[in-house]
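Here the structure is a predicted model, which is why all the values come from computation and not from measurement.
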Amino acid sequence: MDTKRATPKYYKDAPPHLYAKLLEFRKEHHIKRFEFNGKTVEYIAAGKGEKTLLMFHGAFGSADTPYNEILRLKDRFRVITPTIRDFGSLDEISNAVNEILRREKVGRIMVRGGSFGAFIAQSFFKRNYKIVDKMVLINAIPPKGRYTKKDRRQVRLFTLLLKVVPEKLAKKIMLKKLSKLGEQNHPLSKEQQDEIDFLMMQVHERLAKVRKRHILESLMLVVDFDLNENIKPDDFLDWKGKILLVTDTDDPSYKYFDKLKAQFPDPQIKVFEKAGHLLQIVYKSEFEKIHDDFLSC
C-alpha cells in the first residue's frame, strides 16, 4: 500500500507501519449510518464473538477512533463502537445506542469507556444496567454532584471563550489541553514513543474534522453528567454483573478515584503508576491481560 499518496499533513511524519494499519482498518471496516429522531447515527460493528463489547471513544473521536482495540478484540468478541457527536443530552445518546443494539440484534452487552468515553459509559450503564453483564472504566471521573465557585467560573469562561473565539483558535485551545494528557513521567521504549507520537497525530486529525459546536457539545455533556447524574451502589442491588476500574496515579482522574469506587458494588480495581493518561500504551501487555481476562471469565 502506498501510504505516502495524499497523506494529510498531520500524518506526514507518521511511522509507516502505524499509518498503514490505520488506513487498512478504514478500508475494511466501514462506518454504518442511519437516521434516528432527526439525527444521523454512526457506528462500527466488527467481529463475530459470542459476547458483545460496546465501546465508547474518547474526546472528539468517532466510531473508528479505537481501531487498535477493535482489531485486537474482534476475533474474540463482537465489538460495537458508536460515534458520540451531534447529541444534545445523555438521554439522547442512550436512546440512539439502544437503537444501534436493536438493529444489530444484540441483547446482552459488556460496556467499556475511557476518559470522555467513561462519562458516556457510566451514564449509559445507569440507564441500561439490566442488559449489561460487565463494565470497564479507564481513567474515569464520577459525577461531581455540584460545582464549586471555581468550577462554575471555569465552565462559564470556557463556554464564553468557545462561543466568541474563531473556530481555528478554539481548536488550538483544545489541542493544547489534550496534548497535556500525553505527558507522563514513565521511561519509554522507541516503540512506545512511536505509538504516543502517532496518537497525537490522530488527535490532530480528530480536531481537524470537528466543528466548534462539537467542542461546546462535549463540554455540555460533561456538565450534564457532573450535575445531573447521581450514581450509587443502591441503584444496582438487583444487578449480578461485574465492574473493572482501571486508573493511574499520575492521571488527573485519580483524585476522584475513591468516589468512583464508591459508586459501584464491589468493583475490581487496578491502579498503575507514572503513566498518566497513557497507561494503555505504557503498560500495554499488563493492561491487555487484565482487561481481556476480565471480559472473558
- Determine, step by step, whether I80 and I44 satisfy the side-chain contact (heavy atoms from CB on, under 4.5 Å) criterion, reporting the C-alpha distance in whole Å, the side-chain angles of both residues, the deciding distance to 0.1 Å, and the verdict. CA-CA 6 Å; I80 295 176; I44 287 175; over 6 Å; no
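- Q122 has its side chain within reach of L260: a pair of non-hydrogen atoms, C-beta onward, lies under 4.5 Å apart.
- Here ring pair (Phe, Tyr, Trp, His ring centres under 6.0 Å) pairs that include residues 192-219, with residues two or more places apart or in two chains, are Y11-F198.
- A donor atom on one side chain and an acceptor atom on the other are not found under 3.5 Å apart for D91 and S89.
- Side chain of R33 to main chain of V41: no donor-acceptor pair is present (N/O by atom type, distance under 3.5 Å, no hydrogens or angles).
- Residue E191 places its CD atom among 12 or fewer non-hydrogen atoms of other residues, nucleotides or ligands, all under 6.0 Å distant.
- Between the side chain of R85 and the backbone N or O of G61, at least one donor-acceptor pair lies under 3.5 Å.
- Side-chain atoms of Q202 and T65 form no donor-acceptor pair, as typed in the model, at a separation below 3.5 Å.
- Under the rule for a side chain to side chain donor-acceptor pair (under 3.5 Å), the partners of T83 that lie at least two apart in sequence or sit in another chain are E42.
- Residues in residues 153-172 take part in these salt bridge (Lys or Arg N to Asp or Glu O under 4.0 Å) pairs, two or more places apart or across chains: E167-R211.
- Side-chain contact between F56 and R112 is absent, with no heavy atoms from C-beta onward closer than 4.5 Å.
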- Task: Under the salt bridge (Lys or Arg N to Asp or Glu O under 4.0 Å) rule, what do K21 and E24 come out as? Steps first, then yes or no, please.
- Result: CA-CA 5 Å; K21 182 180 180 181; E24 188 65 23; over 6 Å; no
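- Between the side chains of Y254 and D248, no donor-acceptor pair is found at a separation under 3.5 Å.
- No salt bridge links E205 with K12; every basic N to acidic carboxylate O contact stays at or beyond 4.0 Å.
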- Item | Candidate pair I269 and V246, rule side-chain contact (heavy atoms from CB on, under 4.5 Å), full reasoning | CA-CA 6 Å; I269 294 166; V246 184; over 6 Å; no
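- Between atom OG of residue S123 and atom CG of residue D224 there is a gap of 8.5 Å, rounded to the nearest 0.5 Å.
- Seen from the ring of F158, K177 counts as a face-on cation partner, given the 6.0 Å and 45° thresholds.
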- I would like to know whether L279 and N139 meet side-chain contact (heavy atoms from CB on, under 4.5 Å); could you show each step before the answer? CA-CA 9 Å; L279 66 86; N139 288 335; 3.5 Å; yes
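- More than 12 non-hydrogen atoms from other residues, nucleotides or ligands lie less than 6.0 angstrom from NZ of K259.
- Under the 4.5 Å side-chain criterion, counting only non-hydrogen atoms from C-beta, T40 is not in contact with F34.
- For the residue pair E288 and Q280, no side-chain donor N or O sits within less than 3.5 Å of a side-chain acceptor on the partner.
- You'll find the side chain of F124 reaches within 4.5 Å of the side chain of I109, heavy atoms only.
- In this structure, the side chains of L178 and R206 stay at 4.5 Å or more apart for every pair of heavy atoms.
- Among pairs with a residue in residues 96-106, those fulfilling side chain to side chain donor-acceptor pair (under 3.5 Å) read K32-E104, Y43-E104, R78-E104, N98-N128, E99-R102, E99-R103, at least two apart in sequence or across chains.
- No more than 12 heavy atoms of other residues, nucleotides or ligands sit less than 6.0 Å from atom CD of E50.
- Between the side chains of S296 and D293, no donor N or O sits under 3.5 Å from an acceptor N or O.
- Sorted by first then second residue, the side chain to side chain donor-acceptor pair (under 3.5 Å) pairs that include residues 229-245, not counting sequence neighbours, are R127-E229, Y129-D238, K232-D235.
- Formation of a donor-acceptor pair under 3.5 Å by the Q193 side chain with backbone atoms of K190 is not found in this model.
- Following chains of ILVMFWY side-chain contacts shorter than 4.5 Å, one can reach F119 starting from I93, so the two form part of one hydrophobic cluster.
- Here the straight-line distance linking atom CD1 of I138 with atom CG of L245 works out to 10.5 Å at 0.5 Å rounding.
- At least one side-chain heavy atom of V222 sits less than 4.5 Å from a side-chain heavy atom of D226.
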- Check the pair F125 / F236 against ring-ring contact (aromatic ring centres under 6.0 Å, His included), numbers first and verdict last. CA-CA 10 Å; F125 175 76; F236 317 115; 4.9 Å; yes
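- The cationic group of K270 lies under 6.0 Å from the six-membered ring centre of F272 and within 45° of the ring axis, placing it in a cation-pi geometry.
- Clustering ILVMFWY residues whenever any of their side-chain heavy atoms sit less than 4.5 angstrom apart, transitively, puts L54 in a cluster other than the one holding L71.
- Y283 contributes a side-chain N or O that, together with a main-chain N or O of E273, makes up a donor-acceptor pair within less than 3.5 Å.
- Under the 4.5 Å side-chain heavy-atom criterion for Ile, Leu, Val, Met, Phe, Trp and Tyr, V164 and L219 are members of the same hydrophobic cluster.
- The shortest distance between side-chain heavy atoms of F225 and I120 does not fall below 4.5 Å.
- One N or O on the side chain of D151 and one on the backbone of T148 form a donor-acceptor pair closer than 3.5 Å.
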- Query: E217 and R213: salt bridge (Lys or Arg N to Asp or Glu O under 4.0 Å), yes or no, with the steps?
  - Reply: CA-CA 6 Å; E217 170 197 297; R213 62 184 172 84; 5.3 Å; no
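- Panel note: side chain K134, backbone C297; a donor-acceptor pair is recorded below 3.5 Å.
- In the model, H57 has no side-chain atom that pairs as donor or acceptor with a side-chain atom of T81 under 3.5 Å.
- A side-chain donor-acceptor contact under 3.5 Å links K39 to the backbone of D86.
- Residues D64 and H29 are not in side-chain contact: their nearest non-hydrogen atoms beyond the backbone lie 4.5 Å or more apart.
- Screening residues 113-123 for salt bridge (Lys or Arg N to Asp or Glu O under 4.0 Å), with sequence neighbours left out, gives no hits.
- When each of V136, D133, I290 is tested with L295 by the rule side chain to side chain contact (heavy atoms under 4.5 Å, CB included), just one qualifies, namely V136.
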- Item | Worked check of side-chain contact (heavy atoms from CB on, under 4.5 Å) between R76 and D292 | CA-CA 10 Å; R76 284 169 286 171; D292 297 0; 3.0 Å; yes
